[in-house]
**Student:** 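Sharing a structure, written as C-alpha cells. Questions coming.
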Amino acid sequence: MYTLTYTLTVNGAEYSVQTEPRKLLLDVLREDLGLTGPHAGCEHGVCGACTVLMDGRTIRSCLMFGIQAVGARIITIEGVAQGGALHPLQEEFSLHHALQCGFCTPGMILAALEFLGEHPDPQEDDVREALSGNLCRCTGYDSIVDAVLAAARRMRRG
Ligand code: FES
Ligand code: FES
C-alpha cells in the first residue's frame, strides 16, 4: 500500500498522519486520530453527520481527502468544549433533550456554531434553514431548534 506522511492541525494540536493519499478526511479523523465525533452516515455529502469546521467553515469530511486539509485548522466536536466546560450549544442540546441516538448531534452543533457566529440573533425559521443540510434520522428537529435558539440567547448575554 502506498502511503504518505503529512501533518494535520485538529482541535489546536498537530498530528502526523501516515496513510494512503486517497483516504477521506472523515476516515483519517476517525481511524488515524481516534476522533470519532464526526460520523459516517451517507458518505456522499447529503446527511451532514461528518461535518467538521475547516478554518471556521463547515465542511463535509466525507467529501475530501485528509491530505487536502494540510495547512488548515480543523475543529471537530471534540474541540468545541473549552477548558473542561461545555459550549452553550452543547449544554442547551442536553437541557432541551435535543438528541436521541446522537448520531447527527456533532454535525448539528458544528453547523449551529458556524451559523450563530454570523447570525447571533436568529429567528426560528433561520435556524431551521441553517440546519436543513444536517439530517436527523430520529426526527427530533423541534428540540434541536429550541436548543440552538436558547444557546443564541445565552451567547448574546455573554
Ligand atoms: S457522511 Fe458526510 S454528508 Fe453524510
Ligand atoms: S438524534 Fe438520532 S440521528 Fe439525530
Side-chain angles (χ1 to χ4, degrees), residues 4 6 8-11 13 15 17 19-81 86-119 122-155:
L4 284 177
Y6 54 88
L8 293 182
T9 304
V10 184
N11 300 331
Y15 295 88
V17 179
T19 190
E20 287 180 281
R22 68 175 185 170
K23 192 166 186 176
L24 296 174
L25 176 60
L26 172 63
D27 295 330
V28 171
L29 292 170
R30 291 180 57 85
E31 296 171 8
D32 296 81
L33 306 191
L35 299 169
T36 55
H39 290 151
C42 66
E43 297 186 82
H44 60 268
V46 174
C47 74
C50 65
T51 300
V52 300
L53 295 176
M54 181 170 167
D55 292 331
R57 311 299 301 191
T58 50
I59 58 117
R60 313 229 149 177
S61 61
C62 71
L63 291 185
M64 62 183 289
F65 300 120
I67 200 167
Q68 291 177 290
V70 171
R73 291 171 295 108
I74 301 294
I75 302 290
T76 68
I77 191 65
E78 288 90 344
V80 172
L86 292 178
H87 188 278
L89 273 166
Q90 294 172 303
E91 290 190 342
E92 295 297 341
F93 264 64
S94 176
L95 290 169
H96 286 81
H97 307 290
L99 56 149
Q100 295 176 67
C101 77
F103 195 81
C104 69
T105 308
M108 288 280 187
I109 287 179
L110 289 166
L113 192 59
E114 178 192 41
F115 171 68
L116 293 183
E118 297 174 346
H119 304 88
Q123 300 299 305
E124 178 181 332
D125 286 352
D126 303 326
V127 175
R128 289 187 184 277
E129 184 175 346
L131 298 182
S132 61
N134 291 74
L135 305 183
C136 177
R137 57 189 174 183
C138 299
T139 69
Y141 292 102
D142 286 348
S143 298
I144 292 169
V145 172
D146 289 346
V148 173
L149 290 169
R153 287 192 292 274
R154 279 182 55 179
M155 291 164 71

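Atoms within a ligand are numbered from 1 in the order they appear, just like the ligands themselves. Side-chain atoms are counted along with the backbone in the values below, which use heavy atoms only and exclude waters and symmetry mates.
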**Student:** Counting only N and O atoms by type, is there a donor-acceptor contact under 3.5 Å from the side chain of Arg73 to the main-chain atoms of Gly56?
**Tutor:**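 No, because the side chain of Arg73 does not come within donor-acceptor range (under 3.5 Å) of the backbone of Gly56.
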**Student:** Using only atom types and a distance under 3.5 Å, with no angle test, would you say the side chain of Glu43 pairs donor to acceptor with the backbone of Ala40?
**Tutor:**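 Such a contact is absent between Glu43 side chain and Ala40 backbone.
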**Student:** Using a cut-off of 6.0 Å, state whether more than 12 heavy atoms not belonging to Glu31 lie near its atom CD.
**Tutor:**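 It does: Glu31 CD has more than 12 such atoms within range.
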**Student:** Ignoring hydrogens and geometry, is there a side-chain-to-backbone donor-acceptor pair from His96 to Ala98 under 3.5 Å?
**Tutor:**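 Side chain of His96 to backbone of Ala98, a donor-acceptor pair under 3.5 Å: no, none is there.
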**Student:** Restricting to non-hydrogen atoms, name the atom on Cys138 and the atom on Gln100 that form the minimum distance, rounded to 0.1 Å.
**Tutor:**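 It is O-NE2, 3.1 Å.
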**Student:** What protein N/O/S atoms sit under 2.8 Å from atom 4 (Fe) of ligand 2, by chain and number?
**Tutor:**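 Short answer, with waters excluded from the count: Cys104 SG, Cys136 SG.
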**Student:** With a 3.5 Å distance limit and no angle check, can you tell me whether Tyr141 reaches the backbone of Arg128 through a side-chain donor-acceptor pair?
**Tutor:**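 Not confirmed, Tyr141 side chain does not pair with Arg128 backbone.
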**Student:** What count do you get for protein N/O/S atoms less than 2.8 Å from atom 2 (Fe) of ligand 1?
**Tutor:**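 Counting protein N, O and S atoms closer than 2.8 Å to atom 2 (Fe) of ligand 1 gives 2.
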**Student:** Can you tell me if Glu78 uses its side chain to pair, donor with acceptor, with the backbone of Thr36 under 3.5 Å?
**Tutor:**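 Yes; at least one donor-acceptor contact below 3.5 Å.
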**Student:** Give me the one residue out of Leu29, Val10, Leu8, Ile67 that meets side chain to side chain contact (heavy atoms under 4.5 Å, CB included) with Val17.
**Tutor:**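 Passing option: Leu8.
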**Student:** Within the side chain of His39, is there an N or O that forms a donor-acceptor pair under 3.5 Å with the backbone of Phe103?
**Tutor:**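 Yes, because the side chain of His39 sits within donor-acceptor range (under 3.5 Å) of the backbone of Phe103.
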